[in-house]
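Not measured: the values here are computed from a predicted model. Counting starts at 1 for both ligands and their atoms, in listed order.
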Amino acid sequence: MDFTRRDFPEGFLFGVATSSYQIEGHRFGGAGPTHWDSFAATPGNVVRAEDGATACDHYHRWAEDLDLVRDLGADVYRFSTSWARVLPEGTGQPNAEGLDFYDRLVDGMLARGVKPAATLYHWELPQALADKGGWRNADMPDWFADYTEVIMRRIGDRVWSAAPINEPWCVGWLSHFEGVHAPGLRDIRATARAMHHVLVSHGRAIEVMRSLGMSNLGAVCNFEWATPASDAPEDVAAATRYDAIYNRFFLGGLFKGAYPAEVLEGLGPHLPTGWQDDFATIRAPLDWLGVNYYTRKLVRHVDGPWPHTGEAPTRLPLTQMGWEIYPDGLRDFLIRNAREYSGDLPIFVTENGMANPDTHNTPDGPRIDYLTSHLRAVQEAIAAGAPVAGYYVWSLMDNYEWSLGYEKRFGLVHVDFDSLARTPKASYQALARWWRA
Ligand code: IFM
């Protein structure tokens, strides 16, 4: 990796990202049960039925982990707060231990000269709220606003940036249409409601944080580039529809106050009554846009019910996830999102990285190549005029990769899930050389 900080604009920020359930160890510190615990306990949902009960035990090892962030030379640490750790029942009585934990964590970042970038929801919904229908329930925005207020009254004075919900596509589509994440539903009506309520909840949380005097507030969406598998008109239409569902639905809501026609074709009849009146909330002004990017899909038409989209095989190299390595997609999203949606707002690449079958002592060359090619894509986007202000690697350390358990390793730091020993990988050393220079 032959970059220096001078190869990026003055003030460009580098960072690393994690999330609460994936690293903390949910059984510690009085956190309440979540829908990921029950999803993982159901046979067939998660590889080896693994869950986040212990994860990386960051709950106890947070100081060592923040030392790794500091020693890497990262400017920013993107972390999430766990709703169920703060409010074990989802609403009502806060867990003092949980609030103390995030207080220590934020102070720990500041003491090490690292900017705390908080996310309020990275997928572990309190079970009590899941029992009431979770994201399908129209009361979610109220519950989420209350949770936002509780946690941000405690740490909002010290976090550098905050975003309400990580990857609304995963919360809505992946979890309610594809059934791959908790709560594991495959239901079009549930999907429509979840996708809309996630955006309304986002807007409510932004309003609450503004009312607390907070600034530097953003939205973090995941994006997947879609290329038609052939020139056939029906494959082209399928790729356009895929792009609308995955990428443009959320941007359309956040920045234009409208959902794409290709999504309304399928989800329109299932949206909650009065959904058109919610855009004033959804469009709460933002200070930045977060782009999580990993891969592209070749999309083809499939017969059957809407959305008529399927995947075609690629010839490009794949990561351990089976995801195609396609850095041009990152460049193209950074340019397109700014031109068509977010305008002059700063864009942060809030996640980018790859899973690789690493051991604690083999160099992770493929990750270094992946990061290098994607950083070049960021430079190309900046050269084309996109206002990209930062780049965060997913992830600081190997962690719980949801339905794929602990097998897929995304970390710059290797974690031995028996001893919980942390060992920085070659990619960590490579980044540290120029982030610290
Ligand atoms: O591990 C996930 C993370 O929780 C959200 N973004 C994608 C990562 C890799 O799959």
- Note on the structure: Heavy-atom contacts under 4.0 Å to ligand 1, chain-then-number order, include exactly Q22, H122, W123, N166, E167, Y294, W323, E351, W394, E401, W402, F410

- Message: If the test is side chain to side chain donor-acceptor pair (under 3.5 Å), which one of D398, N399, T359, D364 qualifies with R409?
- Response: D398

- ring pair (Phe, Tyr, Trp, His ring centres under 6.0 Å) partners for F250, two or more places apart: none

- Item | Lys/Arg-Asp/Glu bridge criterion (N-O < 4.0 Å) met for D358, R367 | yes

- Rounded distance (nearest 0.5 Å) linking atom CZ of R204 with atom NE2 of H197: 12.0 Å

- Are D57 and R61 ion-paired here, with the side-chain N under 4.0 Å from a carboxylate O? yes

- Message: Is the positively charged end of K256 above the ring of Y341, judged by distance under 6.0 angstrom from the centroid and angle within 45° of the axis?
- Response: yes

